[in-house]
Amino acid sequence: MSFDLVLFGGTGDLAWRKLLPALLQAFRHGSLPEGGRIIGVARDDLTDAAYRELIASRFAAVVDDKRPSAEEFEQFASLLQYQRMDLSKPEDYARLAARLGERKADTVVMYLATAPGLFTTACEQLGAAGLATPNTRVVLEKPLGHDLESNRAINAAVRTVFNEWQIFRIDHYLGKPSVQNLLALRFGNALFEPLWRRETVASIEITMAEKLGVEKRGAFYDGTGALRDMVQNHALQLLCAIGMEPPINAHADAIRDEKLKVLRSLAPWTPATLARDVVRGQYTAGSLSGERVKGYADEDGVAPGSRTETFVALRTEIANWRWAGVPFYVRTGKRLASHEAHIAINFRPTPHPIYRSPLGAANRLVIHLQPRDGVALHLFAAGQEKRGSRVSEAQALVPVHLDLDFEQRFGAERVGAYERLLLDVIGGRLNLFVRADEQEAAWRWVEPIMQAWRDSDDGPRPYAAGSWGPSAASAMVARDGHSWMEET
């Protein structure tokens, strides 16, 4: 199957940090279909050769195993071409149409790795130039809008040119191997499904923590914040994967129908729950890994007096028969104590304990998303209780755990998130992409939070870099008699 992948924003940060390395990995693995062509598109005045040199120089700065050898890059570079384009000029689209018409590939992918404000213009111009054919697919990077109204406007404009089955709204978290294993764990095994409900689950925690600050993205981040950047998309998609009912099959719409039901079942916000169950924070200067780092207000590109949140913790429930009464805790933030993402399923304690056990002892299933990729099941085994230097004859429960590391198990077979997603776009597989009604439901749910923050006189709660966020996040969970995983 021949393909042309047109990479709008071909000289940008996302292209060389994520997309082109992912395509290189697919090329290395032999999974990139033969007969492919990758056309970088940007406003820079470059030739094909100059574009290849630019990408080669950026790959040379990579220090991990993604850096290609000279021979590998030479082979991969034969796929790379370049075209200078101004996305507002119809004549530039006509030139692109002529270039693509030279060979009429089986599949044409238009990957819009640009600012969301250009999505509408680019799609309208693609349609006017006759480039929105049945064999064309368009990829839209996040964020798709900044609120419900803007999201609807972009989707409506794109759908005037492309059909829904041609639109691939990307959320790279859905391409992570660990998220794929979350779905396999739930729907490929009979072991957990009888336990995956309110009768046995006490609470569920979703944590996405970063040690990094805003780095060089201060201006972008200051207009976005953690709620839009992480909660509205990544966190809610993970919550859907945990909470959804088993789909009737593995087809894209069957899966996305069930995710949509979860989003529509999330408990609606009220003034009382907004005040009690949502915590926002902003990091201040602190010590991280022995290094002193500055606060968010002092980062380059951040407006003076900014009220943008770098931390969000919230409590919600899924109002249906499976999950009624089970609290879901979501937490994400920058400059936190650790770089990790995990989901913790906390089970209820045994109804009638017959062993001595630690206070509040209960089983837990932890799904590690990053930097580890694996599953840990926390259990209890019979042991001997020590009292001073003597060992009691009474049996006591001691914590043990089963730990499965997918990196060790599968090793080099693992496929990265963008590699998997790009191959799915080329192959026309929509399972790991977000449908328009999913996005709208997610925006509809977070909008009351954004409105409450706009109306409030209070800004984000400060928290020191290197901590786990504002203490109010711990208090929120403690009200239910629970705690975040690192506090147990």
Side-chain angles (χ1 to χ4, degrees), residues 3-24 36-62 73 76-102 105 108-132 136-146 150 153-154 157-158 161-162 167-170 215-224 300-301 418 422 425:
F3 74 89
D4 282 338
L5 194 159
V6 183
L7 187 54
F8 291 79
T11 59
D13 187 63
L14 179 65
W16 73 265
R17 280 198 310 112
K18 298 293 185 181
L19 302 179
L20 288 170
L23 290 164
L24 171 65
R37 181 170 62 164
I38 303 165
I39 304 173
V41 166
R43 300 184 68 167
D44 306 79
D45 191 8
L46 300 171
T47 62
D48 290 353
Y51 183 59
R52 291 167 185 152
E53 289 177 7
L54 173 67
I55 301 304
S57 68
R58 289 177 170 171
F59 276 1
V62 176
F73 184 78
F76 176 69
S78 66
L79 308 181
L80 298 179
Q81 297 181 14
Y82 181 80
Q83 179 162 322
R84 184 180 183 277
M85 278 188 70
D86 183 329
L87 299 190
S88 65
K89 293 185 176 179
E91 58 269 28
D92 285 358
Y93 290 87
R95 289 194 302 113
L96 177 62
R99 189 168 195 163
L100 294 175
E102 294 169 359
V108 178
V109 176
M110 304 292 183
Y111 198 119
L112 303 185
T114 66
L118 295 173
F119 289 171
T120 298
T121 298
C123 288
E124 288 173 348
Q125 294 286 0
L126 288 170
L131 288 171
T136 304
R137 291 155 196 163
V138 61
V139 183
L140 306 178
E141 267 286 348
K142 80 170 188 74
L144 202 66
H146 59 273
S150 59
I154 292 172
V158 174
V161 181
F162 295 98
I167 304 170
F168 291 71
R169 299 173 188 83
I170 200 163
E215 305 307 297
K216 298 178 181 179
R217 300 167 66 235
F220 162 79
Y221 195 89
D222 205 41
T224 305
D300 294 338
Y418 271 107
L422 285 163
V425 174

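Residue numbers start at 1 and run along the sequence shown. Atoms considered below: every heavy atom in the structure, side chains included; atoms not considered: hydrogens, waters and symmetry mates. Keep in mind it's a predicted model, so treat the numbers as computed, not measured.
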(request) Return yes if some donor-acceptor pair links the side-chain N/O of T121 with the main-chain N/O of S88 below 3.5 Å, else return no. (result) no

(message) How long is the straight-line distance from CZ of R95 back to CD of Q83, given to the nearest 0.5 Å?
(response) 4.5 Å

(message) Less than 4.5 Å apart, side chain to side chain, heavy atoms only: is that true for M110 and L100?
(response) yes

(message) Could you check whether any side-chain heavy atom of Y418 comes within less than 4.5 Å of a side-chain heavy atom of I170, counting everything from C-beta outward?
(response) yes

(request) To the nearest 0.5 angstrom, please state how far the CG atom of L126 sits from the OH atom of Y93. (result) 5.5 Å

(message) Could you measure the distance from the CZ atom of F59 to the CZ atom of R52? Nearest 0.5 Å is fine.
(response) 13.5 Å

(request) Find the distance between CG (L24) and CG (L19) and round it off to the nearest 0.5 Å. (result) 12.5 Å

(request) Check A15 against G9 and note the closest heavy-atom contact, atom names and distance. (result) CB-O, 3.4 Å

(message) Does any part of the side chain of L5, heavy atoms only, come nearer than 4.5 Å to the side chain of V425, both counted from C-beta?
(response) no

(request) Output, in order, the C-alpha distance, side-chain angles, deciding distance and verdict of side-chain hydrogen bond (donor to acceptor under 3.5 Å, both in side chains) for Y111 and E141. (result) CA-CA 8 Å; Y111 198 119; E141 267 286 348; 2.7 Å; yes

(request) Keeping the roles fixed (side chain from R37, backbone from Q81), state whether a donor-acceptor pair exists under 3.5 Å. (result) no

(message) Are Y82 and I55 packed together at the side-chain level, in the sense that at least one heavy-atom pair is separated by less than 4.5 angstrom?
(response) no

(message) With rounding to the nearest 0.5 angstrom, report the OG1 to CG distance, T136 to L131.
(response) 6.5 Å

(request) Please name the pair of heavy atoms, one in A157 and one in T120, separated by the smallest distance, quoted to 0.1 Å. (result) CB-CG2, 3.5 Å

(message) Is there a side-chain contact between I154 and C123 in this structure, where contact means two heavy atoms from C-beta onward sitting under 4.5 Å apart?
(response) no

(request) Answer yes or no: is there a donor N or O on one side and an acceptor on the other, between the side chain of R58 and the main chain of T11, under 3.5 Å? (result) yes

(request) With sequence neighbours excluded, tell me which residues meet salt bridge (charged side-chain N to carboxylate O under 4.0 Å, His left out) with D300. (result) none

(message) Looking at every heavy atom in both I39 and R99, which two are closest together, and how far apart are they?
(response) CD1-CD, 4.5 Å

(request) Indicate yes or no: at least one non-hydrogen side-chain atom of L96 is less than 4.5 angstrom from one of F8. (result) yes

(message) Tell me the closest heavy-atom pair linking V161 and G127, and the distance in Å.
(response) CG1-CA, 3.7 Å

(request) Please report the shortest heavy-atom distance between A113 and L14, naming the atom on each side. (result) CB-CD2, 3.8 Å

(message) For D222, give me all partners under salt bridge (charged side-chain N to carboxylate O under 4.0 Å, His left out), at least two apart in sequence or on another chain.
(response) none

(request) Please list, chain by chain and in numerical order, all residues satisfying side-chain hydrogen bond (donor to acceptor under 3.5 Å, both in side chains) with K18, sequence neighbours excluded. (result) none

(request) Determine yes or no for a side-chain-to-main-chain donor-acceptor pair under 3.5 angstrom, with Y51 supplying the side chain and G10 the backbone. (result) yes

(request) For the residue pair I38 and L20, establish whether any side-chain heavy-atom pair is separated by less than 4.5 Å. (result) yes

(request) Rounded to the nearest 0.5 Å, what's the gap from CG on L87 to CZ on F119? Could you check? (result) 11.0 Å

(request) Report yes if the side chains of L118 and L112 come closer than 4.5 Å at any heavy-atom pair, otherwise no. (result) no

